[in-house]
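In what follows, a structure is listed as structure tokens, so that the remarks can point back to it.
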Number of protein chains: 2
Amino acid sequence: MNESTADRLVTAAAKLLEDGVDAVTLRAVAKLVGLSHNAPYKHFKDRSALLAAVAERDFLLLKNAFDHARRTSRSPLAALKTGIAAFIAYGREHPARYRLMFSDPELVSQGGAMEARAMEAFQAFGALVADCQATGSFPATDTKALTALIYSSLHGLIDLELGGRARESKGLGSIEAMSALLLELLSQNRILSGTRSLD
Amino acid sequence: MNESTADRLVTAAAKLLEDGVDAVTLRAVAKLVGLSHNAPYKHFKDRSALLAAVAERDFLLLKNAFDHARRTSRSPLAALKTGIAAFIAYGREHPARYRLMFSDPELVSQGGAMEARAMEAFQAFGALVADCQATGSFPATDTKALTALIYSSLHGLIDLELGGRARESKGLGSIEAMSALLLELLSQNRILSGTRSLD
DNA sequence: ACCTGAACACCGTTCAAGT
DNA sequence: ACCTGAACACCGTTCAAGT
């Protein structure tokens, strides 16, 4: 079973993305696959649709990394930490692809398959969090809310580092230290189980 | 004292940014100011430099919002909450300008004046956090680290909402609820003052 | 169904020239 | 010092045509 032309276009686009999103021109993608400069239009509606397909594939990779961490770790907390490490590593190794998935204005609310994969990745991460709650490592707050807080915070740390806004001078030297701090905060807190109002 | 041509170009670019970063073509900017399509080059090195100037101005606005919150609120915690609310409101009202400041790959590590303003905004936010620590509302951890954690988490929440990745279905419905949850976690935790190792 | 080549409108950037 | 107009290379997208 050979790779379809569409798949090869996505692979080529992902490869070019390593040089930044601007490097992904339809002409360059087509050339890399060995087709004429407008052949991509027979497989994708436009440039955005091709980029969405790359993000879709990457969300699946992320989901798989989370699932793998869950299956192979010896404790829920260890699994979560492995998942977080994979998330961070992904952002560092593929910054443009990471930004495409999470921060690209073109791909906003495109719905479709990419959105579905994005949600599956989020849910796989949520399973890691739920496991930590089940063993009492984390407070028994609403799982979705807790997952969302950790997931967003992690994204913020990664995104600021990618943008160069996280330098030692700002105290943002290590994402790892920051996320560990966050987990520590969560592990030691027991009050969230009850009602949730402060003000 | 009239606005300089450079200032008018920045203002025009900021205005066009409301329609997305792609709407900011040098030709459109020049036209809005009433100049020929390449007049901007006499004031800015290239398109990136003009966008950086917009971000620079916006970081100053953000810093001023933080400073204002600090001066006008009746308690450190109230000041921090006001600052956070301003941060969130800014992201929602000017998504493209927000993304330009924090997540634009073109403006990475450009150094220069924008980087300086970005740090001033971060430091102004840090003053709000430090005040909360001084009154015992927050643990006496390293202020920069604590500031960075809150700042990044907040950014992550805002960025994911702007990207449409924060829907009710994911439990990310309200940035306000999430940031309140984070502050609650911080307020109730006292252990961070001591040594910081978990694993 | 899938691909090609020509063409269009648009853009960032450079350059020679004007005042 | 600041601005203009022409020009270049490049890009997304469309269309008519081929197999």
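Each chain gets a letter, A, B and so on, in the order the sequences are listed, and its residues count up from 1. These figures come from a predicted structure and were not determined experimentally.
- The side chain of T5(A) has dC3(C) as its nearest neighbour among dT4(D), dC3(C), dT13(D).
- Using a 4.0 Å heavy-atom criterion, one finds that R47(A) contacts the sugar-phosphate atoms exclusively.
- A distance of 11.0 Å separates CG of L162(A) from CZ of F102(A), quoted to the nearest 0.5 Å.
- Put simply, NZ on K31(A) is 10 Å from P on dC11(D), counting in whole angstrom units.
- Figure legend. dA9(D) is base-paired to no nucleotide; pairs are counted as Watson-Crick or G-U wobble with both atom distances under 3.5 Å.
- As a whole-Å value, the separation of L9(A) CG from dC2(C) C1' is 12 Å.
- Remark: side-chain polar atoms of Q133(B) are paired, donor with acceptor, to backbone N or O of T141(B) under 3.5 angstrom.
- Protein atom CZ of F44(B) is 12 Å distant from nucleotide atom P of dC3(D), rounded to whole Å.
- Residue N38(B) places its side chain closer to dC15(C) than to any other of dC15(D), dC15(C), dG12(C).
- The phosphate of dC3(C) (OP1 or OP2) has no side-chain N or O of H37(A) nearer than 4.0 angstrom.
- One can place NZ of K45(B) at 14 Å from P of dG12(C), the figure rounded to the nearest angstrom.
- A salt bridge is absent between D58(A) and R117(A): the closest approach of a Lys/Arg side-chain nitrogen to an acidic carboxylate oxygen does not fall below 4.0 angstrom.
- Side-chain atoms of S36(A) lie closest to dC3(C) of the nucleotides dC3(C), dT13(C), dG12(D).
- In this structure, K63(B) pairs ionically with D67(B), as a charged nitrogen and a carboxylate oxygen lie closer than 4.0 Å.
- With a cut-off of 3.5 Å on both pairing distances, the Watson-Crick or G-U wobble partner of dT4(D) is dA16(C).
- Summarising the geometry, the separation between NZ on K42(B) and C1' on dC2(D) is reported as 8 Å, rounded to the nearest angstrom.
- Contact check on R70(B) versus D131(B) returns a salt bridge, with a Lys/Arg side-chain nitrogen under 4.0 Å from an Asp/Glu carboxylate oxygen.
- Between dG12(D), dC3(D), dC11(C), one nucleotide has an atom nearer to the side chain of Y41(A) than all others, and that is dG12(D).
- We find that CG of D22(B) is positioned 12 Å from C1' of dC11(D), with the value rounded to whole Å.
- You'll find that the side chain of R27(B) is closest to dG12(C), out of dC2(C), dG12(C), dC3(D).
- Regarding D46(B), its CG atom lies at a distance of 13 Å from the C1' atom of dT14(C), rounded to whole Å.
- When the nucleotides dT4(C), dG12(C), dG12(D) are ranked by their closest atom to the side chain of L26(A), dG12(D) comes out on top.
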